[in-house]
Amino acid sequence: MPDLQDDFARALVRAAAELGVTGEVEPGVEASAVPEVGDYSSALAFRLASVLRRPPRTIAEELASALRRNPGQHFGEVTVSGAGYVNLRIDYASLCPSVISRALHWGAVVSPDPAAGAKVVVEHTATNPNKAAHVGHLRNACIGDTVARLLRARGHRVEVQNYIDDTGVQVADVLVGLRHLGLAQREGEPYDRFCSRVYVEVCQRYEAEPSMLELRRDTLRQIESRRGEVAEAAKELASRIVDAHLLTMSRAGVAYDLLTWESDIIELGFLEHALAWMRQEAVITMPQAGTFRGCWVLPLEDLGGAEPEAGEAKVLVKSDGIATYTGKDVAYHLWKFGLLGLDFSYRLWSPQGPATTSADPGRAQLDPARYGHAARAVNVIDQRQSAPQRMVREALRRLGFESQAQSLHHLAYEVVALSPRAARELGVDTSDERSMYPLSGRRGVDVGADDLLDEAERQVRDKARDQLTASRLAASAVRYYLLRFGLNSIISFDFNEALRTSGDTGVYLQYAHARACRILARLEPQPLPAQLPPLEPAGRVLLRQLERFPRVVAEAADGLSPSLLASYTLALATAFNDFYEHSPRLYQVRDRDLRALGRGLVDAARATLARALELMGMHPLDRI
RNA sequence: GCCCCCUUAGCUCAGUGGAUCAGAGCGGCGCCCUUCUAAGGCGACGGUCGGUGGUUCGAAUCCACCAGGGGGUACCA
């Protein structure tokens with residue numbers, strides 16, 4: 001179905017051409033701010049005023065008559081208002097049937113992108129596999145998962161990868177704790193929670209006994225060697241935590257196509273190969289003196305032969321021979337774009353779970369051609385890692401992969417912090433009166449993702465019909481809470497706000513959907529009459545929201561902006577609730593045509609709400 | 001020091017290709033449940049969009065400077 005707003009924009013461009021305007025014109029069509037003048041408005045006349053050297057109002061009149069001579073499909077009245085706005089009123093009677101029938105047939109692709117086809121790899125979550133996931137990790141996963149769903153709804157081929165950093169310091173820390181602190185898992189304590197506790201303890205011990213840091217260094221070295229008992233234990237620890245994370249994330253509707261293991265990148269020689277390549281191309285150098293003596297570094301600028309000082313280079317391999325995360329990330333991204341010339345083996349992580357990379361060809365189960373080979377990469381990583389992400393891109397560029405460097409997109413988002421109240425509730429000293437307090441796994445100050453989901457479930461349990469409904473409702477509430485903020489907003493986490501069930505919440509959206517389902521259950525399906533009865537104002541608002549859906553999906557997907565979809569869905573649910581409150585009970589409506597129209601709108605709202613909820617990873621509920 | 005982000009109603013946040021854009025939710029106030037789900041709807045109250053300048057016919061939105069807050073700038077990630 002053609003898109004009405006686009007049609008209006010195109011018609012305006014044609015009209016401008018009739019007035020003798022050549023070249024690019026931006027019609028600037030928006031929903032009318034004043035409903036009395038129309039449904040869509042354009043400020044084109046203002047923009048043409050300086051070109052045509054006529055008053056905007058005159059130009060608007062000329063545009064309007066050109067539009068009236070040659071109207072588009074579903075165009076109603078064309079008016080001119082204000083100092084020169086051209087307004088279009090929708091012909092609701094003609095638009096209604098096509099909007100409704102389109103809504104009843106949303107497929108996997110809601111809003112096809114003509115440019116889709118190339119593969120997009122979305123990397124998200126990448127939580128250190130050493131402790132329980134907290135609400136900050138959950139924000140990452142919800143953003144990434146929704147972006148992946150949005151891209152698929154545009155017709156892109158998407159592969160979701162979860163990078164498992166199982167050879168980093170955080171895993172080493174918990175391993176040190178497990179092996180040297182003698183802590184025991186408590187009765188009923190989940191393993192990931194237990195490891196969180198060990199992590200906090202070990203971090204405290206480092207402070208008290210700096211000599212313990214030697215244990216960490218040694219552990220890290222053994223992990224990176226990939227041989228021996230310690231390396232095995234690290235793999236075992238990471239595996240158990242990854243299982244816990246997958247379970248947590250699945251509660252929130254988040255799933256992955258592939259787990260990519262850092263240990264495999266090392267074991268299969270990806271890192272060595274990438275480093276050798278960068279040495280050969282003189283992308284990285286080893287300063288003989290100065291701050292970075294004995295490290296392999298990526299110089300940030302041309303220093304004219306001088307040795308780089310702090311801030312002038314990024315270390316990829318430390319002087320002790322251990323690679324930094326950025327070093328490993330370069331190797332990973334060379335593979336991701338299919339540039340490395342080496343590949344993993346692939347098998348299933350669990351029978352129904354995601355695929356995983358493997359360093360053991362003997363256990364390979366899956367076709368390697370399916371994975372990697374990205375044309376475009378979207379990395380969902382919080383804003384604090386902007387600098388390292390730039391380094392990865394810069395390394396690709398200097399190896400001669402300019403187009404891949406440009407196709408690597410760091411989707412940066414702000415962190416979740418604690419509101420002063422939440423911080424107090426978690427026992428943080430807030431006497432310094434800061435505006436927010438950071439989450440800290442290291443200090444044990446965080447909101448566990450599972451705990452939050454559990455708490456949300458308790459909140460809705462008594463009103464939900466069963467346990468499954470309660471858990472889906474809870475997941476919806478949490479997911480929507482984490483998605484409705486813009487990516488540049490720090491979420492000042494507050495329990496009351498996150499667990500609220502009224503107003504601008506996931507529960508409200510689910511309720512609207514379930515309400516539509518309950519209404520439909522009482523009505524026989526019925527074809528729309530050829531001649532539609534007039535639509536009430538609330539119905540017109542609803543129809544306009546329904547008409548807009550594919551456009552919103554396109555904008556949210558192309559702009560990698562889940563919050564756009566969140567605010568749209570709220571507007572749609574509000575329009576539907578408004579329609580519901582201001583229309584007579586449909587099953588009591590005698591007029592057959594009126595009932596058919598109402599049923600059609602409710603069904604379209606139901607289908608569109610369901611699709612919007614799915615795109616946000618929320619399971620649409622037929623009944624609550 | 002340098003770089004990035006934020007500052008909009010009492011609170012939490014949308015809105016930033018200029019115009020018809022001062023919006024939502026929460027809280028507080030007043031209404032609406034014999035009738036498809038009231039986790040809903042309606043009404044009133046509430047903001048000189050951090051400040052100052054600039055560009056423009058027109059700025060919450062663009063530019064400059066300033067203030068406050070957060071983050072980065074590590075041989076952590």
Side-chain angles (χ1 to χ4, degrees), chain A residues 26 28 30-38 41 43 45-47 49-50 56 81-85 87 126 128 165 168-170 291-297 300 310-311 313-326 328-329 381-388 412 414-415 417 419 421 434-436 438 459-460 463-464 473 477 481 484-494 496-498 500-505 507-508 510-512 514-523 563-564 566-567 570-571 573-574 577-578 580-588 598 602 623-624:
Chain A
E26 182 49 64
E30 284 182 17
S32 302
V34 182
E36 292 75 40
V37 301
S41 297
F46 294 96
R47 296 174 190 190
S50 56
S81 68
Y85 289 92
N87 314 294
N128 274 305
D165 180 8
V169 279
Q170 294 212 14
T291 322
F292 298 119
R293 193 163 84 88
C295 305
W296 284 101
V297 300
L300 300 190
K314 176 67 192 174
V315 174
L316 299 193
V317 183
K318 299 187 271 183
S319 58
D320 63 5
I322 293 177
T324 61
Y325 174 78
T326 306
K328 298 166 189 172
D329 217 18
I381 310 175
D382 80 60
Q383 160 280 133
R384 294 172 301 188
Q385 293 199 48
S386 296
E414 271 292 355
V415 294
S419 71
R421 183 165 57 177
R434 294 160 61 111
S435 56
M436 60 188 90
Q459 208 73 213
V460 299
K463 287 202 187 177
L473 212 43
Y481 174 72
R484 51 175 259 249
F485 294 83
L487 298 181
N488 279 338
S489 280
I490 297 176
I491 296 183
S492 176
F493 181 89
D494 186 88
N496 295 352
E497 193 68 20
R500 203 156 40 77
T501 60
S502 68
D504 182 7
T505 65
V507 175
Y508 176 88
Q510 286 286 13
Y511 216 84
R515 174 173 288 145
C517 291
R518 300 324 297 160
I519 295 172
L520 291 168
R522 298 194 60 155
L523 295 167
S563 65
L564 240 47
S567 42
L570 175 70
T574 304
N577 278 337
D578 206 48
Y580 163 79
E581 290 283 348
H582 295 99
S583 309
R585 316 282 179 212
L586 278 173
Y587 67 90
Q588 292 176 332
V602 172
R623 191 169 186 171
I624 292 170

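A quick note: this is a predicted structure, and the numbers were derived from the prediction, not measured. Chain naming here is simple, since letters A, B, ... match the order of the sequence lines and numbering starts at 1 in each.
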Name the pairing partner of B:G1, where a pair is Watson-Crick or G-U wobble with both distances under 3.5 Å, or state none.
B:U73
May I ask you to decide if A:F485's main-chain N or O and A:S489's side chain share a donor-acceptor pair within less than 3.5 Å?
no
Whom does B:G23 pair with, Watson-Crick or G-U wobble, provided both distances fall under 3.5 Å?
B:C13
Scanning both residues in full, the closest heavy-atom pair of A:G311 with A:L300 reads O-CD1, 3.6 Å
Do A:S386 side-chain atoms and A:Q383 backbone N/O form a donor-acceptor pair below 3.5 Å?
yes
Once you round to the nearest 0.5 Å, how far does CG of A:D494 lie from CE of A:M436?
13.0 Å
Rounding to the closest angstrom, what is the interatomic distance between B:A24 and B:G41 at atom P?
12 Å
note: A:Q383, atom CD; B:G71, atom C1'; distance rounded to Å ~ 5 Å
Looking only at atom C1', what distance separates B:U12 and B:G27, rounded to whole Å?
11 Å
For a quick check of understanding: with a heavy-atom distance under 4.0 Å over all strands, which category does A:R293 fall into, base, sugar-phosphate or nothing?
base
Could you check A:T501 against A:V460 for side-chain contact (heavy atoms from CB on, under 4.5 Å), going step by step and ending with a plain yes or no?
CA-CA 8 Å; A:T501 60; A:V460 299; 3.9 Å; yes
In whole Å, I'd like the distance from the NZ atom of A:K318 to the C1' atom of B:A74.
10 Å
List, with names and distances, any nitrogen or oxygen atoms from the protein found under 3.5 Å away from nitrogen or oxygen atoms belonging to nucleotides 39-42 of chain B.
{"unit_1": "B:A39", "atom_1": "OP1", "unit_2": "A:Y511", "atom_2": "OH", "d": "2.8"}
{"unit_1": "B:A39", "atom_1": "OP2", "unit_2": "A:K463", "atom_2": "NZ", "d": "3.4"}
{"unit_1": "B:A39", "atom_1": "N3", "unit_2": "A:T501", "atom_2": "OG1", "d": "3.3"}
{"unit_1": "B:G40", "atom_1": "OP1", "unit_2": "A:G503", "atom_2": "N", "d": "3.0"}
{"unit_1": "B:G40", "atom_1": "O2'", "unit_2": "A:E581", "atom_2": "OE2", "d": "3.1"}
{"unit_1": "B:G41", "atom_1": "OP1", "unit_2": "A:Y508", "atom_2": "OH", "d": "2.8"}
{"unit_1": "B:G41", "atom_1": "O3'", "unit_2": "A:D578", "atom_2": "OD1", "d": "3.2"}
{"unit_1": "B:C42", "atom_1": "OP1", "unit_2": "A:D578", "atom_2": "OD1", "d": "2.8"}

Measuring only the P atom in each nucleotide, how far is B:G43 from B:G53? A whole number of Å is fine.
39 Å
Taking atom CZ of A:F292 and atom CG of A:L316, what is their separation to the nearest 0.5 Å?
11.0 Å
How many Å lie between CD on A:Q385 and C1' on B:C4, as a whole number?
15 Å
Rounded distance (nearest 0.5 Å) linking atom CG of A:D504 with atom CZ of A:R484
4.5 Å
Under 4.0 Å between any heavy atoms, over every strand shown, what does A:T505 touch: base, sugar-phosphate, or nothing? Just pick one.
nothing
Can a side chain N or O of A:K314 be found less than 4.0 Å away from OP1 or OP2 on B:U73?
no
Please report, rounded to the nearest Å, how far the P atom of B:C75 is from the CH2 atom of A:W296.
17 Å
Need the glycosidic conformation of B:C33: syn if within 90° of 0, anti if not. Which one?
syn
Rounded to the nearest Å, what distance is computed from the CG atom of residue A:D320 to the P atom of nucleotide B:A74?
18 Å
Working to the nearest 0.5 angstrom, can you tell me the gap between A:C517 SG and A:R522 CZ?
15.0 Å
With a non-hydrogen cut-off below 4.0 angstrom, is A:D165 in contact with a base, only sugar-phosphate, or nothing?
sugar-phosphate
Taken to the nearest whole Å, CG/A:L570 to C1'/B:C26 is 13 Å
Counterpart residues, side chain to side chain donor-acceptor pair (under 3.5 Å), relative to A:K328 (two or more places apart)
A:T167, A:E262
Provide the distance between the two P atoms, one in B:G28 and one in B:G23, to the nearest whole Å.
24 Å
Say whether, by atom type as modelled, one donor and one acceptor occur between the side chain of A:S32 and the main chain of A:G38 under 3.5 angstrom.
yes
Hey, which sits more toward the 5' end of RNA chain B by its nearest nucleotide, A:S563 or A:A310?
A:S563
Would you measure the distance from the P atom in B:C63 across to the matching atom in B:U16 and give it in whole Å?
15 Å
Produce the list of close N/O pairs, under 3.5 Å, pairing protein atoms with atoms of nucleotides 6-13 of chain B; give distances to one decimal.
{"unit_1": "B:C13", "atom_1": "OP1", "unit_2": "A:I490", "atom_2": "O", "d": "3.3"}
{"unit_1": "B:C13", "atom_1": "OP1", "unit_2": "A:S492", "atom_2": "N", "d": "3.3"}

Quick check on RNA chain B: between A:V37 and A:L564, whose nearest nucleotide comes earlier from the 5' end?
A:L564
Which whole-number value in Å describes the distance from A:R585 CZ to B:C36 P?
5 Å
Inter-nucleotide C1' distance (B:U52, B:G70), Å rounded
24 Å
A:F292 side chain: which of B:C75, B:G71, B:C36 is closest?
B:C75
Any strand, both distances under 3.5 Å, Watson-Crick or G-U wobble: B:C42 pairs with B:G30
Over all strands shown, is A:Y587 touching base, sugar-phosphate only, or nothing at heavy-atom distances under 4.0 angstrom?
base
Answer with base, sugar-phosphate or nothing: what part of the nucleic acid does A:G311 contact at a heavy-atom distance below 4.0 Å?
sugar-phosphate
Separation of B:C36 C1' from A:R623 CZ (nearest whole Å)
12 Å
Partner of B:G53 under the Watson-Crick or G-U wobble criteria, both distances under 3.5 Å, comes out as B:C63
Which distance, rounded to the nearest 0.5 Å, do you find between the OH of A:Y587 and the CG of A:L523?
10.0 Å
Hey, does A:S32 reach any base, or is it just sugar-phosphate, or nothing, if we go heavy atoms under 4.0 Å?
nothing
Pairwise C1' distance for B:C26 and B:A39, with rounding to whole Å:
14 Å
Quote, to the nearest angstrom, the P distance that separates B:C66 from B:C3.
11 Å
Paired with B:U35 by Watson-Crick or G-U wobble geometry, both distances under 3.5 Å: which nucleotide is it?
none
Please round to the nearest 0.5 Å and tell me the distance separating atom OG of A:S419 and atom CG of A:N496.
8.5 Å
